[in-house]
Amino acid sequence: MKYIFLFISLLSFKCGDNDEIKNQDVEKKELEILAKEIKSLADDSLCSSEFTCDFIGFGSKPCGGYWEYLVYSNSTDTIDFYAKIKSYNELEKEHNIKYNIVSDCMFVMPPKSTSCENGNCIAVYN
């Protein structure tokens, strides 16, 4: 009887691990969907004499800092764009803490400026 209890305890512990992995996978997929939406907004923005370019930090590395910088123009709805980025960055930070995610701790340098070429914003690093 003692062994049956031990077996059931181990089995339920293992099932709990599987649930956590499933939850982590679901949360990661939701983050990926939101990231794709945000990047699409940045990529679809246009620049001209009327619309200027800028950049913003995106993502939350486990060691701190951003994964990358997105270049965009104010032709997009910047209020919605900023809100989505803020939400994404916070959600990814919480995800990293919750699941003990690790990464390199390299600092990603922001662009020095941005430029408008053929109606598209580009990052300038030199």
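Here the NZ-CG distance, from Lys22 to Asp25, works out to 10.0 Å after rounding to the nearest 0.5 Å. Note that OH of Tyr82 is 10.5 Å distant from CG of Asp77, once rounded to the nearest 0.5 Å. Separating the CG atom in Leu31 from the CD atom in Glu94 is a distance of 9.5 Å, to the nearest 0.5 Å. From Lys36, atom NZ reaches atom CG of Leu41 across 14.0 Å, with rounding to the nearest 0.5 Å.
Between Tyr69 and Met109, the closest side-chain pair of non-hydrogen atoms is not below 4.5 Å. Taking 4.5 Å as the limit, every side-chain heavy atom of Lys93 sits out of range of all side-chain heavy atoms of Lys98. A heavy-atom distance below 4.5 Å is not found between the side chains of Thr114 and Tyr72. With contacts defined as side-chain heavy-atom distances shorter than 4.5 Å, the pair Lys39/Glu68 qualifies. In this structure, Leu91 and Glu27 have side chains that are not in contact, with every pair of non-hydrogen atoms separated by 4.5 Å or more. Side-chain contact between Lys86 and Glu90 is present, with heavy atoms from C-beta onward closer than 4.5 Å. Contact annotation: the side chain of Glu30 approaches that of Val26 to within less than 4.5 Å [non-hydrogen atoms, C-beta and beyond]. Between Val124 and Pro111 there is no side-chain heavy-atom pair separated by less than 4.5 Å.
For the pair Ser103 and Trp67, the tightest heavy-atom approach, listed with the atom from each and the gap, is CB-CH2, 3.5 Å. Residues Val71 and Ala123 approach most closely at CG2-CB, 3.6 Å, considering heavy atoms.
With respect to the salt-bridge test (charged N to carboxylate O, under 4.0 angstrom), the residues Asp80 and Lys84 qualify.
With sequence neighbours left out, the ring-ring contact (aromatic ring centres under 6.0 Å, His included) criterion links Tyr99 to His95.
At most 12 non-hydrogen atoms from other residues, nucleotides or ligands lie less than 6.0 angstrom from CD1 of Ile79.
When the side chains of ILVMFWY residues are joined at heavy-atom separations under 4.5 Å, either directly or via intervening members, Tyr88 and Ile101 end up in two distinct hydrophobic clusters.
In this structure, the side chain of Ser73 engages the main chain of Ser75 through a donor-acceptor pair within 3.5 Å.
For residues 75-109, every residue pair satisfying the disulfide (SG to SG under 2.5 Å) rule, not counting sequence neighbours, is listed here: Cys63-Cys105.
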Discussion item. Apply side-chain contact (heavy atoms from CB on, under 4.5 Å) to residues Ile38 and Leu70 and explain how you reach the verdict.
Written reply: CA-CA 9 Å; Ile38 291 166; Leu70 300 180; 3.6 Å; yes

For residues 46-61, tabulate all N or O donor-acceptor pairs below 3.5 Å that involve a side-chain atom, not counting sequence neighbours.
unit_1	atom_1	unit_2	atom_2	d
Ser48	OG	Glu50	N	3.1
Ser48	OG	Phe51	N	3.3
Lys61	NZ	Asp104	OD1	2.5
Lys61	NZ	Met106	O	2.8

